[in-house]
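What's counted below: heavy atoms across the whole structure, side chains too, no hydrogens, waters or symmetry copies. Every chain is numbered from 1, with letters handed out A, B, ... down the list of sequences.
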Amino acid sequence: SQKIEQNSEALNIQEGKTATLTCNYTNYSPAYLQWYRQDPGRGPVFLLLIRENEKEKRKERLKVTFDTTLKQSLFHITASQPADSATYLCALENTGFQKLVFGTGTRLLVSP
Amino acid sequence: GAGVSQTPSNKVTEKGKYVELRCDPISGHTALYWYRQSLGQGPEFLIYFQGTGAADDSGLPNDRFFAVRPEGSVSTLKIQRTERGDSAMYLCASSSFLGETQYFGPGTRLLVL
């Protein structure tokens with residue numbers, strides 16, 4: 001069966017450290033993968049998109065990697081801040097289908 | 001407007017009633033998507049439009065759910081004979097073209113009593 005898995009347990013880290021979130025998928029052939037941030041009661045906010053032929057993408061303190069062999073994407077936030085505390089969702093677009101399929105999200109808590 | 005807007009932000013209704021949820025996409029975006037999100041879950045696809053036509057409605061849970069986009073811009077999600085299990089956050093997103101980044105609105109929180 002098709003699955004997208006993100007760590008359901010909250011990730012607690014200290015301010016200034018690097019947060020690393022994992023997204024694994026099974027039985028999908030994604031054309032691209034996206035990461036979103038979601039605050040409680042709000043809609044997801046787009047952060048980064050990485051395509052199947054890209055290994056890594058960066059934007060300011062954010063970095064995403066995409067390994068189609070391992071079927072995994074890693075999302076990194078360097079020099080984390082308490083304001084980075086939120087739920088982070090990964091979503092993929094299965095090649096040939098236009099809709100996004102989301103993981104359940106991982107909650108990140110950054111302590112001062 | 002600058003982003004996707006959705007109205008109302010909250011809707012409380014009684015079981016069996018009819019509701020309409022509205023989405024205003026980013027100006028010029030041709031693709032529009034509806035998702036539903038339950039607490040603790042990721043958004044789940046319902047339907048998407050390319051222009052005025054529903055290109056894929058495979059995520060609509062049953063025939064009580066229907067969506068329209070008559071002029072290729074604003075879309076309305078319609079739910080008939082609401083049930084308590086319909087309670088969720090309903091999210092709308094738009095993209096400039098199919099397959100491009102989807103930008104989400106703030107959502108409509110629906111509560112069916």
**Q** Tell me, yes or no, whether the heavy-atom count around Y28(A) atom OH, taken from other residues, nucleotides or ligands under 6.0 Å, exceeds 12.
**A**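 Yes - once you tally the heavy atoms of other residues, nucleotides and ligands closer than 6.0 Å, there are more than 12.
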
**Q** Using a cut-off of 6.0 Å, state whether more than 12 heavy atoms not belonging to L113(B) lie near its atom CG.
**A** yes

**Q** If hydrophobic clusters are built from ILVMFWY residues whose side chains come within less than 4.5 Å, do Y88(A) and F46(A) share one?
**A**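 Result: no, two separate clusters.
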
**Q** Is it true that, when you exclude E14(B) itself, more than 12 heavy atoms of the residues, nucleotides or ligands shown sit nearer than 6.0 Å to its CD?
**A** no

**Q** Under 4.5 Å heavy-atom distance to chain B, tell me which part of Q38(A) shows up: side chain, backbone, both or neither.
**A**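 Interface part for Q38(A): side chain.
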
**Q** Around atom CZ of R36(B), are there more than 12 heavy atoms of other residues, nucleotides or ligands at under 6.0 Å?
**A** yes

**Q** Measuring heavy-atom distances to chain A, does Q6(B) have an atom under 4.5 Å in its side chain, in its backbone, in both, or in neither?
**A** neither

**Q** Determine whether more than 12 heavy atoms belonging to other residues, nucleotides or ligands lie under 6.0 Å from atom CD of E44(B).
**A**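 Open.
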
**Q** Among the clusters formed by ILVMFWY side chains lying less than 4.5 Å apart, do L60(B) and L21(B) turn up in the same one?
**A**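 Shared cluster, yes.
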
**Q** Give me the contact list for residues 78-93 of chain B versus chain A, heavy atoms only, anything under 4.5 Å, ordered by residue number.
**A** M89(B), L91(B)

**Q** Using 0.5 Å steps for rounding, measure from the CG atom of L89(A) to the CZ atom of F104(B).
**A** 8.5 Å

**Q** Check the hydrophobic clustering (I, L, V, M, F, W, Y; side-chain heavy atoms under 4.5 Å; chains of links allowed) and say if L48(A) and L74(A) are grouped together.
**A**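 No; L74(A) is not reachable from L48(A) via cluster members.
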
**Q** Relative to chain A, which segment of S9(B) carries a heavy atom at a distance below 4.5 Å: side chain, backbone, both, or neither?
**A**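 Interface part for S9(B): neither.
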
**Q** How long is the span from the CD atom in E93(A) to the OG atom in S95(B), to the nearest 0.5 Å?
**A**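 Going from the CD atom of E93(A) to the OG atom of S95(B) covers 10.0 Å.
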
**Q** To the nearest 0.5 Å, tell me how far I47(B) CD1 sits from K99(A) NZ.
**A**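 Here the interatomic distance stands at 11.0 Å.
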
**Q** Are I50(A) and Y103(B) linked, directly or through other ILVMFWY residues, by side chains that come within less than 4.5 angstrom of each other?
**A**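 No, it is not one cluster - the side chains of I50(A) and Y103(B) are not joined through contacts under 4.5 Å.
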
**Q** How about Y35(B) and F102(A): are their ring centres within less than 6.0 Å of each other?
**A** yes

